[in-house]
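These numbers come from a predicted model, not from an experiment.
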Amino acid sequence: MRILTIKKNDAGQRLDKFLSKAVKGLPTSLMYKYIRTKKIKVNRARTEQKYILCEGDEVQLFIKDEFFDLPSKDDSALASIRPKLDIVYEDENVMLLNKRPGVLVHDDAEGGENTLILHVKAYLYAKGEYTPEDEQSFAPALCNRIDRNTGGIVIAAKNAEALRVMNEKIKRDEISKFYLCLAHGKMPKKSDTLRGYLRKDSANNLVTVRDEKFSGAKEIITKYRVIRETPPTAKGGGVNSLLEVELVTGRTHQIRAHLAHIGHPLVGDGKYGVNRADREAGFKYQALYAYRLKFDRTENENLLSYLEGREFSLPRDAVWFVSGKDTER
């Protein structure tokens, strides 16, 4: 028998979710069977898979040792990493990070390791705020994702409760997100609210946008405001428009695809536009940056209520296509 004592970062989650992370060698089907047959108990009593764990609970597992014997990932490598993070804000629960274009947030299919989350773990490890061997089911995590070739503010949670609260705020659209982008052409209006429908093709990592609802599509709402018009990026090109965009809905590639749909693809975007001339002009990535976010006020008191009403942003001249600086700097 093994006994797992629930710690602060384990509490607040369902028993089955905890076991899937704490006992990785235990197949899901067997886990549910063992819960039903009382080979897995909580506080020496019969339990259910949906039981919400509390700090101090004891989970008794009357199962074979082989389920615990999977080799664990060598987190000692964290000590050898010199974290490279551009920290916008940090407190005891969360971090806001300026992710540069070209940086992966998580490991990709090819197993790349120079990721934002790895540097977050290394940073917190060096500070003594994260010790992998002391954790059964939690590791610092990113709450929002930004495409590899897009830059902007990414939220990282330092503890399990902060992660749960932040994920719920994102799910409920309680965080307003604003982007800077450079779009081809002169916009038809100085500001507008665009509406349409978007369908995602996961197999090809593409989306389709249309004005009318169609099969499998979800509604999208994109607000934009023209900040200024800029000179063309290449000979023979026209005026470009620097925009501030607010995502009312947050779908995959929404800004890129929605602006391309109305005839104004982003400068440097080869997926939803033609970027050959832009690349010749020095644009390595699509000109899109998540530069500002605001925590909206809610009536629900939670661990992160102190953030409500606060706004965090990067200076516009810190955005590479606004300042003209190289993305690597």
More than 12 heavy atoms of other residues, nucleotides or ligands under 6.0 Å from [atom1] of [X]: is that the case?
X    : atom1 : result
K39  : NZ    : no
R195 : CZ    : no
E48  : CD    : no

Practice task
Begin from the C-alpha positions of L180 and I227 and carry the test side-chain contact (heavy atoms from CB on, under 4.5 Å) through to its verdict.
Solution key: CA-CA 9 Å; L180 289 177; I227 296 173; 3.5 Å; yes
Completion exercise
With E311 as partner, the option from K294, K177, R292 fulfilling salt bridge (charged side-chain N to carboxylate O under 4.0 Å, His left out) is R292
Problem - Cation over ring face, R210 and Y197, 6.0 Å, 45° - result: no
Practice task
Measure the acute angle between the ring planes of F312 and F295, then classify it against the limits of 30° and 60° as parallel, tilted or perpendicular.
Solution key: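 Answer is perpendicular, since the angle exceeds 60°.
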Handout entry: Any side-chain heavy-atom pair of L314 and V88 under 4.5 Å
Key =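 They are in contact (side-chain heavy atoms under 4.5 Å apart), so the answer is yes.
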Practice task
Identify whether the distance between the nearest side-chain nitrogen and carboxylate oxygen of D16 and R14 falls below 4.0 Å.
Solution key: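 A salt bridge links D16 with R14.
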Handout entry: Flag for T115-H106: side-chain donor and acceptor within less than 3.5 Å
Key =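 H106 vs T115: no donor-acceptor pair found between side chains.
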Problem - Heavy-atom pair of closest approach, residues H119 and P83 - result: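 H119 and P83 have their closest heavy atoms at ND1-CA, 3.5 Å.
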Using distance only, find each side-chain donor-acceptor pair of residues 2-9 under 3.5 Å and give its atom names and separation, not counting sequence neighbours.
from	atom 1	to	atom 2	distance (Å)
K7	NZ	D134	O	2.7
N9	OD1	A160	N	3.0
N9	ND2	E135	OE2	3.1

Exercise for the section: Give the C-alpha distance, both sets of side-chain angles, the deciding distance and a yes or no for side-chain contact (heavy atoms from CB on, under 4.5 Å) between E92 and K158. Expected result: CA-CA 7 Å; E92 67 275 14; K158 291 183 172 186; 5.6 Å; no
Exercise for the section: Show your working on side-chain contact (heavy atoms from CB on, under 4.5 Å) between F18 and Q136 and close with a plain yes or no. Expected result: CA-CA 8 Å; F18 166 76; Q136 299 180 113; 4.1 Å; yes
